[in-house]
Amino acid sequence: PVNYGTSGAPVGGVDIQVSVSSHGLFEKTTKVCTMTVKGDGTSELGTCEHSESDDTAVASELPAIDPSTVVQIGKEIYEAIEDNQPTLNTTIDWAGAVPKGVTEWTQLENWQGPAQSDTYYVEFKNGLGTKLTKFAWRFVWKYGGDMNGVGKYVTQAGIDIDTAYAYLSEHLDVEVKSLKPVNYGTSAAPVGGVDVQVSVSSHGLFEKTTKVCTMTVKGDGTSALGTCEHGSFGVSKPSNDLPAIDPSTVVEIGKEIYQAIEDNQPTLNTTIDWAGAVPKGVTEWTQLENWQGPAQTDGYYVEFKNFLGKKLTKFAWRFVWKYGGDMNGVGKYVTQAGIDIDTAYAYLSEHLDVEVKSLKPVNYGTSAAPIGGVDVQVSVSSHGLFEKTTKVCTMTVKGDGTSALGTCEHGTFELSRRSNDPPTIDPADIAEIGKLIYDAVEDTQAVIDTSVDWAGAVPHGITDWTQLENWKGPVQSDSYYIEFKN
(Lines give C-alpha, C1' and ligand atoms only; values in the text may rest on other atoms or scores of the structure.)
Protein backbone atom coordinates (compact mmCIF):
# COMPACT_ATOMS: atom_id res chain seq x y z
CA PRO A 1 0.00 0.00 0.00
CA VAL A 2 1.37 3.42 -1.02
CA ASN A 3 0.38 7.07 -0.74
CA TYR A 4 0.42 8.23 -4.39
CA GLY A 5 -0.52 11.76 -3.42
CA THR A 6 0.97 14.13 -0.88
CA SER A 7 0.81 14.55 2.87
CA GLY A 8 -1.76 17.30 2.36
CA ALA A 9 -3.78 15.39 -0.25
CA PRO A 10 -3.08 11.69 0.16
CA VAL A 11 -4.18 9.19 -2.51
CA GLY A 12 -4.12 5.61 -1.28
CA GLY A 13 -3.24 2.79 -3.64
CA VAL A 14 -2.61 -0.94 -3.51
CA ASP A 15 -1.30 -3.55 -5.94
CA ILE A 16 -3.61 -6.46 -6.82
CA GLN A 17 -1.64 -9.43 -8.13
CA VAL A 18 -3.38 -12.37 -9.85
CA SER A 19 -1.46 -15.64 -10.22
CA VAL A 20 -3.08 -18.16 -12.60
CA SER A 21 -1.76 -21.73 -12.50
CA SER A 22 -2.62 -24.66 -14.73
CA HIS A 23 -1.50 -28.25 -14.33
CA GLY A 24 -2.73 -31.79 -14.98
CA LEU A 25 -1.48 -33.97 -17.80
CA PHE A 26 0.86 -31.08 -18.61
CA GLU A 27 3.50 -29.47 -16.42
CA LYS A 28 2.39 -26.80 -13.96
CA THR A 29 2.66 -23.30 -15.42
CA THR A 30 1.92 -20.00 -13.68
CA LYS A 31 1.32 -16.55 -15.17
CA VAL A 32 1.16 -13.37 -13.11
CA CYS A 33 -0.61 -10.05 -13.74
CA THR A 34 -0.38 -6.98 -11.46
CA MET A 35 -2.58 -3.87 -11.39
CA THR A 36 -2.20 -0.81 -9.16
CA VAL A 37 -5.59 0.65 -8.17
CA LYS A 38 -5.79 4.09 -6.59
CA GLY A 39 -8.11 6.14 -4.45
CA ASP A 40 -8.67 8.70 -7.24
CA GLY A 41 -10.30 6.00 -9.41
CA THR A 42 -7.33 5.48 -11.71
CA SER A 43 -5.37 2.27 -12.25
CA GLU A 44 -1.98 1.36 -13.67
CA LEU A 45 -1.11 -1.97 -15.23
CA GLY A 46 2.17 -3.42 -13.97
CA THR A 47 3.92 -6.56 -15.13
CA CYS A 48 1.14 -8.68 -16.68
CA GLU A 49 1.50 -11.99 -18.46
CA HIS A 50 -1.85 -12.34 -20.17
CA SER A 51 -3.45 -13.67 -23.38
CA GLU A 52 -2.70 -17.07 -24.85
CA SER A 53 0.52 -18.80 -23.91
CA ASP A 54 2.66 -20.85 -26.20
CA ASP A 55 2.06 -24.56 -26.44
CA THR A 56 3.13 -26.19 -23.20
CA ALA A 57 5.21 -29.29 -23.45
CA VAL A 58 4.43 -32.38 -21.45
CA ALA A 59 6.94 -32.74 -18.65
CA SER A 60 7.16 -36.47 -19.18
CA GLU A 61 5.70 -38.93 -21.64
CA LEU A 62 2.12 -39.91 -20.86
CA PRO A 63 1.80 -43.51 -19.69
CA ALA A 64 1.07 -46.02 -22.43
CA ILE A 65 -2.56 -47.18 -22.54
CA ASP A 66 -3.04 -50.96 -22.32
CA PRO A 67 -6.68 -51.92 -23.09
CA SER A 68 -6.16 -55.52 -21.92
CA THR A 69 -5.11 -54.54 -18.38
CA VAL A 70 -8.01 -53.22 -16.30
CA VAL A 71 -7.41 -50.78 -13.43
CA GLN A 72 -9.68 -49.01 -11.00
CA ILE A 73 -10.49 -45.29 -10.98
CA GLY A 74 -12.74 -43.29 -8.64
CA LYS A 75 -13.25 -43.91 -4.94
CA GLU A 76 -12.27 -47.18 -3.32
CA ILE A 77 -14.34 -46.61 -0.16
CA TYR A 78 -16.96 -44.10 1.02
CA GLU A 79 -19.92 -43.68 3.39
CA ALA A 80 -23.45 -43.75 1.94
CA ILE A 81 -25.21 -43.41 5.33
CA GLU A 82 -23.45 -42.13 8.44
CA ASP A 83 -25.31 -42.25 11.76
CA ASN A 84 -28.73 -42.19 10.01
CA GLN A 85 -27.80 -39.27 7.73
CA PRO A 86 -27.39 -39.79 3.94
CA THR A 87 -23.86 -38.76 2.90
CA LEU A 88 -23.78 -40.30 -0.59
CA ASN A 89 -22.71 -37.86 -3.32
CA THR A 90 -23.17 -39.64 -6.64
CA THR A 91 -21.07 -37.07 -8.50
CA ILE A 92 -17.92 -38.25 -6.70
CA ASP A 93 -18.86 -41.47 -4.88
CA TRP A 94 -18.31 -44.11 -7.55
CA ALA A 95 -15.67 -46.38 -9.08
CA GLY A 96 -14.71 -47.47 -12.60
CA ALA A 97 -12.83 -50.24 -14.38
CA VAL A 98 -10.85 -48.79 -17.32
CA PRO A 99 -7.72 -49.55 -19.39
CA LYS A 100 -4.33 -49.14 -17.71
CA GLY A 101 -3.02 -45.64 -18.49
CA VAL A 102 -6.48 -44.02 -18.51
CA THR A 103 -7.02 -41.58 -15.63
CA GLU A 104 -10.40 -40.08 -16.58
CA TRP A 105 -13.41 -42.05 -17.79
CA THR A 106 -14.15 -39.24 -20.25
CA GLN A 107 -11.09 -40.37 -22.23
CA LEU A 108 -13.27 -43.28 -23.39
CA GLU A 109 -16.22 -43.07 -25.77
CA ASN A 110 -19.64 -44.63 -26.47
CA TRP A 111 -20.78 -44.97 -22.86
CA GLN A 112 -24.22 -46.50 -22.27
CA GLY A 113 -26.62 -46.71 -19.34
CA PRO A 114 -26.79 -46.38 -16.46
CA ALA A 115 -27.68 -50.02 -15.89
CA GLN A 116 -29.19 -51.03 -12.57
CA SER A 117 -29.69 -54.26 -10.65
CA ASP A 118 -32.75 -55.49 -8.79
CA THR A 119 -33.41 -53.93 -5.38
CA TYR A 120 -31.75 -55.47 -2.31
CA TYR A 121 -32.43 -54.67 1.33
CA VAL A 122 -31.12 -55.33 4.82
CA GLU A 123 -33.62 -54.98 7.67
CA PHE A 124 -32.92 -55.47 11.37
CA LYS A 125 -35.67 -56.31 13.89
CA ASN A 126 -35.69 -56.88 17.64
CA GLY A 127 -37.05 -59.96 19.43
CA LEU A 128 -40.59 -58.53 19.33
CA GLY A 129 -40.48 -58.05 15.56
CA THR A 130 -40.17 -54.26 15.73
CA LYS A 131 -38.26 -52.82 12.79
CA LEU A 132 -35.12 -51.09 14.07
CA THR A 133 -33.30 -50.17 10.84
CA LYS A 134 -33.74 -50.82 7.13
CA PHE A 135 -31.61 -50.00 4.10
CA ALA A 136 -32.67 -50.75 0.51
CA TRP A 137 -30.62 -50.01 -2.63
CA ARG A 138 -29.82 -50.86 -6.23
CA PHE A 139 -26.40 -51.31 -7.80
CA VAL A 140 -25.93 -48.89 -10.72
CA TRP A 141 -23.19 -48.40 -13.33
CA LYS A 142 -22.45 -47.05 -16.80
CA TYR A 143 -20.96 -49.48 -19.29
CA GLY A 144 -19.72 -49.99 -22.84
CA GLY A 145 -17.08 -47.23 -22.94
CA ASP A 146 -14.31 -48.06 -25.40
CA MET A 147 -10.83 -46.84 -26.34
CA ASN A 148 -10.83 -46.21 -30.10
CA GLY A 149 -13.35 -49.00 -30.58
CA VAL A 150 -11.53 -51.50 -28.37
CA GLY A 151 -12.98 -52.98 -25.15
CA LYS A 152 -16.02 -52.45 -22.96
CA TYR A 153 -15.41 -50.75 -19.63
CA VAL A 154 -17.23 -49.52 -16.52
CA THR A 155 -17.65 -46.12 -14.88
CA GLN A 156 -19.82 -44.52 -12.16
CA ALA A 157 -20.34 -47.88 -10.50
CA GLY A 158 -21.98 -47.51 -7.11
CA ILE A 159 -25.44 -47.58 -5.54
CA ASP A 160 -28.76 -45.78 -5.74
CA ILE A 161 -30.52 -45.51 -2.36
CA ASP A 162 -34.17 -46.56 -2.20
CA THR A 163 -34.89 -46.58 1.58
CA ALA A 164 -32.93 -45.58 4.70
CA TYR A 165 -34.78 -45.91 8.02
CA ALA A 166 -33.69 -45.94 11.67
CA TYR A 167 -35.84 -46.14 14.80
CA LEU A 168 -35.29 -43.37 17.35
CA SER A 169 -32.85 -45.35 19.50
CA GLU A 170 -30.90 -46.95 16.65
CA HIS A 171 -28.00 -45.95 14.41
CA LEU A 172 -27.67 -46.95 10.74
CA ASP A 173 -24.35 -46.83 8.88
CA VAL A 174 -23.69 -47.91 5.28
CA GLU A 175 -20.22 -48.20 3.74
CA VAL A 176 -19.49 -48.88 0.07
CA LYS A 177 -16.25 -50.41 -1.19
CA SER A 178 -15.09 -50.96 -4.75
CA LEU A 179 -12.48 -53.65 -5.29
CA LYS A 180 -10.95 -56.22 -7.63
CA PRO A 181 -10.91 -54.56 -11.09
CA VAL A 182 -10.72 -57.48 -13.58
CA ASN A 183 -10.70 -58.07 -17.35
CA TYR A 184 -13.59 -60.49 -17.84
CA GLY A 185 -13.00 -60.62 -21.61
CA THR A 186 -9.87 -61.38 -23.63
CA SER A 187 -6.74 -59.44 -24.52
CA ALA A 188 -8.24 -58.66 -27.94
CA ALA A 189 -11.75 -57.91 -26.66
CA PRO A 190 -11.41 -56.80 -23.04
CA VAL A 191 -14.47 -56.43 -20.76
CA GLY A 192 -13.72 -54.45 -17.61
CA GLY A 193 -15.48 -55.21 -14.35
CA VAL A 194 -15.37 -54.21 -10.69
CA ASP A 195 -16.91 -55.50 -7.44
CA VAL A 196 -19.15 -53.12 -5.50
CA GLN A 197 -19.52 -54.16 -1.85
CA VAL A 198 -22.20 -52.71 0.46
CA SER A 199 -21.82 -53.08 4.26
CA VAL A 200 -24.94 -52.25 6.31
CA SER A 201 -24.46 -51.82 10.09
CA SER A 202 -27.05 -51.26 12.81
CA HIS A 203 -26.44 -50.55 16.49
CA GLY A 204 -27.99 -48.73 19.45
CA LEU A 205 -29.82 -50.40 22.31
CA PHE A 206 -28.90 -53.65 20.56
CA GLU A 207 -25.46 -54.95 19.71
CA LYS A 208 -23.82 -53.81 16.47
CA THR A 209 -24.54 -56.12 13.54
CA THR A 210 -23.19 -55.82 9.99
CA LYS A 211 -24.38 -57.51 6.80
CA VAL A 212 -22.43 -57.42 3.52
CA CYS A 213 -23.59 -57.74 -0.10
CA THR A 214 -21.28 -57.81 -3.16
CA MET A 215 -22.14 -57.34 -6.85
CA THR A 216 -19.79 -57.58 -9.82
CA VAL A 217 -20.71 -55.08 -12.56
CA LYS A 218 -19.24 -55.40 -16.04
CA GLY A 219 -18.56 -53.33 -19.12
CA ASP A 220 -20.96 -55.36 -21.28
CA GLY A 221 -23.87 -54.26 -19.08
CA THR A 222 -24.21 -57.55 -17.19
CA SER A 223 -23.78 -58.16 -13.47
CA ALA A 224 -23.17 -61.12 -11.18
CA LEU A 225 -24.32 -61.29 -7.56
CA GLY A 226 -21.60 -62.48 -5.19
CA THR A 227 -21.90 -63.22 -1.48
CA CYS A 228 -24.91 -61.22 -0.36
CA GLU A 229 -26.53 -61.16 3.07
CA HIS A 230 -29.86 -59.47 2.40
CA GLY A 231 -33.37 -59.64 3.80
CA SER A 232 -34.58 -59.38 7.43
CA PHE A 233 -32.40 -60.24 10.43
CA GLY A 234 -32.94 -60.37 14.17
CA VAL A 235 -30.56 -58.54 16.49
CA SER A 236 -29.55 -59.43 20.04
CA LYS A 237 -29.26 -57.34 23.16
CA PRO A 238 -25.72 -56.38 24.14
CA SER A 239 -23.85 -58.93 26.26
CA ASN A 240 -23.71 -56.36 29.07
CA ASP A 241 -27.13 -55.42 30.42
CA LEU A 242 -28.48 -51.92 29.87
CA PRO A 243 -28.13 -49.63 32.91
CA ALA A 244 -31.04 -49.69 35.35
CA ILE A 245 -33.34 -46.67 35.09
CA ASP A 246 -33.82 -44.69 38.34
CA PRO A 247 -36.66 -42.13 37.98
CA SER A 248 -35.76 -40.40 41.26
CA THR A 249 -32.22 -39.52 40.17
CA VAL A 250 -32.11 -36.78 37.53
CA VAL A 251 -29.22 -36.55 35.04
CA GLU A 252 -28.45 -34.23 32.15
CA ILE A 253 -28.54 -35.15 28.45
CA GLY A 254 -27.82 -33.02 25.40
CA LYS A 255 -25.18 -30.29 25.16
CA GLU A 256 -23.62 -28.78 28.24
CA ILE A 257 -22.24 -25.71 26.41
CA TYR A 258 -22.60 -24.17 22.95
CA GLN A 259 -22.42 -20.85 21.07
CA ALA A 260 -25.65 -19.11 20.04
CA ILE A 261 -23.90 -16.06 18.50
CA GLU A 262 -20.24 -16.08 17.49
CA ASP A 263 -18.67 -12.81 16.33
CA ASN A 264 -22.07 -11.37 15.30
CA GLN A 265 -23.09 -14.51 13.37
CA PRO A 266 -25.95 -16.75 14.59
CA THR A 267 -24.63 -20.29 15.16
CA LEU A 268 -27.53 -21.71 17.18
CA ASN A 269 -28.87 -25.01 15.81
CA THR A 270 -31.97 -25.87 17.82
CA THR A 271 -31.98 -29.48 16.59
CA ILE A 272 -28.78 -30.23 18.54
CA ASP A 273 -28.18 -27.22 20.81
CA TRP A 274 -30.27 -28.07 23.86
CA ALA A 275 -30.18 -29.91 27.21
CA GLY A 276 -32.53 -32.15 29.15
CA ALA A 277 -33.14 -33.42 32.69
CA VAL A 278 -34.18 -37.10 32.58
CA PRO A 279 -34.07 -40.21 34.80
CA LYS A 280 -30.69 -41.85 35.40
CA GLY A 281 -30.23 -44.65 32.85
CA VAL A 282 -32.12 -42.84 30.07
CA THR A 283 -29.90 -41.82 27.13
CA GLU A 284 -32.51 -40.53 24.67
CA TRP A 285 -35.41 -38.22 25.55
CA THR A 286 -37.55 -40.24 23.12
CA GLN A 287 -37.49 -43.12 25.63
CA LEU A 288 -39.96 -41.03 27.67
CA GLU A 289 -43.60 -40.34 26.76
CA ASN A 290 -46.31 -37.67 27.02
CA TRP A 291 -44.09 -34.65 26.32
CA GLN A 292 -45.78 -31.23 26.30
CA GLY A 293 -44.85 -27.76 25.11
CA PRO A 294 -42.62 -26.11 24.25
CA ALA A 295 -43.04 -23.70 27.13
CA GLN A 296 -41.37 -20.28 26.97
CA THR A 297 -40.56 -17.46 29.37
CA ASP A 298 -40.98 -13.72 28.94
CA GLY A 299 -38.37 -12.02 26.80
CA TYR A 300 -35.04 -10.87 28.26
CA TYR A 301 -32.42 -8.63 26.68
CA VAL A 302 -28.92 -7.31 27.20
CA GLU A 303 -28.09 -4.02 25.44
CA PHE A 304 -24.74 -2.23 25.51
CA LYS A 305 -24.41 1.50 24.76
CA ASN A 306 -21.46 3.87 24.71
CA PHE A 307 -21.18 6.96 26.93
CA LEU A 308 -23.05 9.01 24.28
CA GLY A 309 -26.05 6.68 24.45
CA LYS A 310 -25.39 5.03 21.06
CA LYS A 311 -26.47 1.39 20.88
CA LEU A 312 -23.43 -0.85 20.22
CA THR A 313 -24.84 -4.36 20.66
CA LYS A 314 -28.13 -5.92 21.71
CA PHE A 315 -29.26 -9.51 22.27
CA ALA A 316 -32.83 -10.48 23.14
CA TRP A 317 -34.12 -14.00 23.79
CA ARG A 318 -36.60 -16.27 25.54
CA PHE A 319 -35.89 -19.47 27.46
CA VAL A 320 -37.75 -22.45 25.93
CA TRP A 321 -38.17 -26.12 26.91
CA LYS A 322 -40.41 -29.15 26.55
CA TYR A 323 -41.77 -30.66 29.75
CA GLY A 324 -43.94 -33.38 31.26
CA GLY A 325 -42.21 -36.43 29.78
CA ASP A 326 -42.64 -39.50 31.98
CA MET A 327 -41.24 -43.02 32.35
CA ASN A 328 -44.20 -45.43 32.38
CA GLY A 329 -46.33 -42.76 34.06
CA VAL A 330 -43.73 -41.80 36.67
CA GLY A 331 -42.13 -38.35 36.91
CA LYS A 332 -42.10 -35.13 34.91
CA TYR A 333 -38.91 -34.36 33.04
CA VAL A 334 -37.36 -31.76 30.73
CA THR A 335 -35.96 -31.90 27.18
CA GLN A 336 -34.90 -29.45 24.48
CA ALA A 337 -34.19 -26.76 27.06
CA GLY A 338 -32.39 -23.78 25.54
CA ILE A 339 -33.16 -20.40 24.05
CA ASP A 340 -35.11 -18.85 21.19
CA ILE A 341 -33.39 -15.78 19.71
CA ASP A 342 -35.49 -12.64 19.22
CA THR A 343 -32.85 -9.99 18.33
CA ALA A 344 -29.11 -10.02 17.67
CA TYR A 345 -27.54 -6.66 16.71
CA ALA A 346 -23.98 -5.36 16.53
CA TYR A 347 -22.72 -1.98 15.34
CA LEU A 348 -20.01 -2.10 12.64
CA SER A 349 -17.10 -1.72 15.06
CA GLU A 350 -18.43 -4.12 17.69
CA HIS A 351 -18.44 -7.88 18.26
CA LEU A 352 -21.29 -9.79 19.89
CA ASP A 353 -20.86 -13.30 21.34
CA VAL A 354 -23.47 -15.37 23.18
CA GLU A 355 -22.71 -18.62 25.00
CA VAL A 356 -25.30 -20.96 26.51
CA LYS A 357 -24.53 -23.39 29.34
CA SER A 358 -26.78 -26.02 30.89
CA LEU A 359 -25.92 -27.10 34.43
CA LYS A 360 -27.16 -28.53 37.74
CA PRO A 361 -29.77 -31.19 36.82
CA VAL A 362 -31.94 -31.58 39.94
CA ASN A 363 -35.00 -33.49 41.12
CA TYR A 364 -37.34 -30.73 42.31
CA GLY A 365 -40.03 -33.24 43.30
CA THR A 366 -39.86 -36.35 45.49
CA SER A 367 -38.56 -39.87 45.04
CA ALA A 368 -42.10 -41.08 44.36
CA ALA A 369 -43.08 -38.13 42.14
CA PRO A 370 -39.85 -36.74 40.65
CA ILE A 371 -39.75 -33.41 38.76
CA GLY A 372 -36.62 -32.93 36.71
CA GLY A 373 -35.13 -29.50 36.21
CA VAL A 374 -32.03 -27.89 34.73
CA ASP A 375 -30.44 -24.42 34.80
CA VAL A 376 -29.96 -22.67 31.44
CA GLN A 377 -27.36 -19.90 31.64
CA VAL A 378 -26.94 -17.25 28.91
CA SER A 379 -23.68 -15.22 28.77
CA VAL A 380 -23.79 -12.14 26.50
CA SER A 381 -20.42 -10.52 25.65
CA SER A 382 -19.67 -7.32 23.73
CA HIS A 383 -16.29 -5.95 22.69
CA GLY A 384 -14.69 -3.85 19.97
CA LEU A 385 -13.56 -0.25 20.35
CA PHE A 386 -14.79 -0.61 23.94
CA GLU A 387 -13.58 -3.06 26.58
CA LYS A 388 -15.07 -6.55 26.63
CA THR A 389 -18.05 -6.81 28.97
CA THR A 390 -20.12 -9.92 29.78
CA LYS A 391 -23.55 -10.17 31.41
CA VAL A 392 -25.04 -13.45 32.61
CA CYS A 393 -28.66 -14.54 33.09
CA THR A 394 -29.77 -17.92 34.53
CA MET A 395 -33.19 -19.58 34.39
CA THR A 396 -34.24 -22.87 36.00
CA VAL A 397 -36.74 -24.77 33.83
CA LYS A 398 -38.71 -27.69 35.27
CA GLY A 399 -40.60 -30.76 34.13
CA ASP A 400 -43.93 -29.46 35.45
CA GLY A 401 -43.77 -26.53 32.97
CA THR A 402 -42.76 -23.90 35.54
CA SER A 403 -39.57 -21.85 35.64
CA ALA A 404 -37.64 -19.79 38.20
CA LEU A 405 -35.43 -16.82 37.34
CA GLY A 406 -32.03 -16.98 39.01
CA THR A 407 -29.29 -14.34 38.97
CA CYS A 408 -29.95 -12.35 35.81
CA GLU A 409 -28.14 -9.24 34.57
CA HIS A 410 -30.48 -7.92 31.91
CA GLY A 411 -31.43 -4.54 30.52
CA THR A 412 -29.22 -1.73 29.19
CA PHE A 413 -25.59 -1.23 30.22
CA GLU A 414 -22.96 1.41 29.41
CA LEU A 415 -19.58 0.31 28.10
CA SER A 416 -16.26 1.92 29.04
CA ARG A 417 -13.42 2.70 26.71
CA ARG A 418 -10.37 0.46 26.86
CA SER A 419 -7.58 1.57 29.17
CA ASN A 420 -5.32 2.01 26.12
CA ASP A 421 -6.72 4.56 23.68
CA PRO A 422 -7.56 3.52 20.10
CA PRO A 423 -4.71 4.11 17.64
CA THR A 424 -4.34 7.63 16.20
CA ILE A 425 -5.56 7.97 12.62
CA ASP A 426 -2.97 9.40 10.21
CA PRO A 427 -4.43 10.18 6.73
CA ALA A 428 -0.93 10.69 5.26
CA ASP A 429 0.24 7.18 6.23
CA ILE A 430 -1.41 4.53 4.05
CA ALA A 431 -1.99 1.04 5.49
CA GLU A 432 -3.45 -2.10 3.99
CA ILE A 433 -6.67 -3.75 5.15
CA GLY A 434 -8.43 -6.85 3.83
CA LYS A 435 -6.75 -10.00 2.60
CA LEU A 436 -3.09 -10.09 1.60
CA ILE A 437 -3.48 -13.27 -0.47
CA TYR A 438 -6.33 -15.58 -1.46
CA ASP A 439 -7.27 -18.17 -4.08
CA ALA A 440 -9.76 -17.19 -6.77
CA VAL A 441 -9.84 -20.59 -8.50
CA GLU A 442 -8.67 -23.77 -6.80
CA ASP A 443 -8.39 -27.04 -8.74
CA THR A 444 -10.84 -25.80 -11.40
CA GLN A 445 -13.44 -24.65 -8.82
CA ALA A 446 -14.22 -20.95 -8.33
CA VAL A 447 -13.64 -20.21 -4.61
CA ILE A 448 -13.51 -16.42 -4.66
CA ASP A 449 -15.89 -14.73 -2.21
CA THR A 450 -16.00 -11.03 -3.11
CA SER A 451 -17.51 -10.17 0.28
CA VAL A 452 -14.22 -11.10 2.01
CA ASP A 453 -11.64 -11.55 -0.78
CA TRP A 454 -10.40 -8.01 -1.38
CA ALA A 455 -7.79 -5.50 -0.22
CA GLY A 456 -7.87 -1.81 0.57
CA ALA A 457 -5.52 1.13 1.10
CA VAL A 458 -6.71 3.38 3.95
CA PRO A 459 -5.27 5.81 6.50
CA HIS A 460 -3.15 4.29 9.26
CA GLY A 461 -5.34 3.61 12.30
CA ILE A 462 -8.43 2.70 10.28
CA THR A 463 -9.50 -0.95 10.79
CA ASP A 464 -12.75 -1.01 8.81
CA TRP A 465 -13.37 0.67 5.43
CA THR A 466 -16.86 1.65 6.63
CA GLN A 467 -15.20 4.19 8.95
CA LEU A 468 -14.57 6.29 5.80
CA GLU A 469 -17.23 8.12 3.81
CA ASN A 470 -18.12 9.15 0.25
CA TRP A 471 -17.03 5.93 -1.46
CA LYS A 472 -17.47 5.77 -5.25
CA GLY A 473 -17.39 2.98 -7.81
CA PRO A 474 -16.65 0.20 -8.19
CA VAL A 475 -14.09 1.04 -10.89
CA GLN A 476 -13.06 -1.75 -13.22
CA SER A 477 -10.19 -2.24 -15.66
CA ASP A 478 -10.28 -3.80 -19.12
CA SER A 479 -10.60 -7.58 -19.19
CA TYR A 480 -7.46 -9.73 -19.06
CA TYR A 481 -7.15 -13.44 -19.62
CA ILE A 482 -4.69 -16.29 -19.49
CA GLU A 483 -5.29 -19.36 -21.62
CA PHE A 484 -3.21 -22.52 -21.74
CA LYS A 485 -3.13 -24.75 -24.82
CA ASN A 486 -1.27 -27.94 -25.61
Is there side-chain contact between [X] and [Y], with at least one heavy-atom pair below 4.5 Å?
X	Y	value
Ser358	Glu252	yes
Val374	Leu359	no
Trp141	Thr155	no
Phe304	Thr389	yes
Val334	Lys322	no
Val198	Ile159	yes
Leu468	Val458	yes
Asp273	Val356	no

Measuring from [X]:[atom1] to [Y]:[atom2], what's the distance to the nearest 0.5 Å?
X	Y	atom1	atom2	result
Cys393	Gln377	SG	CD	9.0 Å
Tyr258	Lys357	OH	NZ	12.5 Å
Glu262	Ser381	CD	OG	11.5 Å
Leu268	Ile261	CG	CD1	7.5 Å
Phe413	Lys305	CZ	NZ	12.5 Å
Thr210	His203	OG1	NE2	9.0 Å

Audit row: Val330, Asp326, side chain to side chain contact (heavy atoms under 4.5 Å, CB included) steps and yes/no: CA-CA 5 Å; Val330 177; Asp326 64 66; 5.8 Å; no

Which atom names give the shortest non-hydrogen contact between [X] and [Y], and what distance separates them?
X	Y	value
Val70	Ala97	CG1-CB, 3.6 Å
Glu432	Ala455	OE2-CB, 3.8 Å
Val376	Ala337	CG2-CB, 4.1 Å
Gln72	Glu76	NE2-CA, 3.7 Å
Ala164	Ile81	CB-CD1, 3.9 Å
Ala275	Lys255	CB-O, 3.7 Å

Between Val217 and Tyr143, is the side chain to side chain contact (heavy atoms under 4.5 Å, CB included) condition met? List the steps. CA-CA 9 Å; Val217 297; Tyr143 63 94; over 6 Å; no

Taking Lys152 first and then Asp220, would you say they form a salt bridge - that is, a charged N and a carboxylate O separated by under 4.0 Å?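 No.
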
Carefully, step by step, assess Val200 and Phe124 under the rule side chain to side chain contact (heavy atoms under 4.5 Å, CB included). CA-CA 10 Å; Val200 182; Phe124 294 103; 4.2 Å; yes

Under the 3.5 angstrom rule, does the side chain of [X] hit a backbone N or O of [Y] as a donor-acceptor pair?
X	Y	value
Asn183	Gly185	yes
Asp353	Asp263	yes
Tyr333	Val250	no
Thr87	Glu79	yes
Asn84	Leu172	yes
Gln107	Thr103	yes
Glu409	Val392	yes

One pair to check against side-chain hydrogen bond (donor to acceptor under 3.5 Å, both in side chains): Thr216 and Asp195. What are the steps and the verdict? CA-CA 4 Å; Thr216 302; Asp195 287 359; 2.5 Å; yes

Other residues, nucleotides and ligands only: do more than 12 of their heavy atoms fall within 6.0 Å of [atom1] on [X]?
X	atom1	result
Lys211	NZ	yes
Lys360	NZ	no
Glu104	CD	no
Ile437	CD1	no
Lys75	NZ	yes
Gln467	CD	yes

Considering only distance and modelled atom types, tabulate donor-acceptor pairs under 3.5 Å from the side chains of residues 309-319, sequence neighbours left out.
| unit_1 | atom_1 | unit_2 | atom_2 | d |
| --- | --- | --- | --- | --- |
| Thr313 | OG1 | Ser382 | OG | 2.9 |

Test the Lys131-Tyr167 pair against the cation-pi criterion, namely NZ or CZ under 6.0 angstrom from the six-membered ring centroid and within 45° of the ring axis. no

Checking side-chain polar atoms at under 3.5 Å, does Ser248 have a donor or acceptor matched by the opposite partner on Ser367?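 Short answer, no.
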
Side chain to side chain contact (heavy atoms under 4.5 Å, CB included) evaluation trace for Tyr300 with Asp342: CA-CA 9 Å; Tyr300 296 86; Asp342 181 61; over 6 Å; no

Quick one: sort the Trp285 and Trp291 rings into parallel, tilted or perpendicular, breaks at 30° and 60°.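 Perpendicular.
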
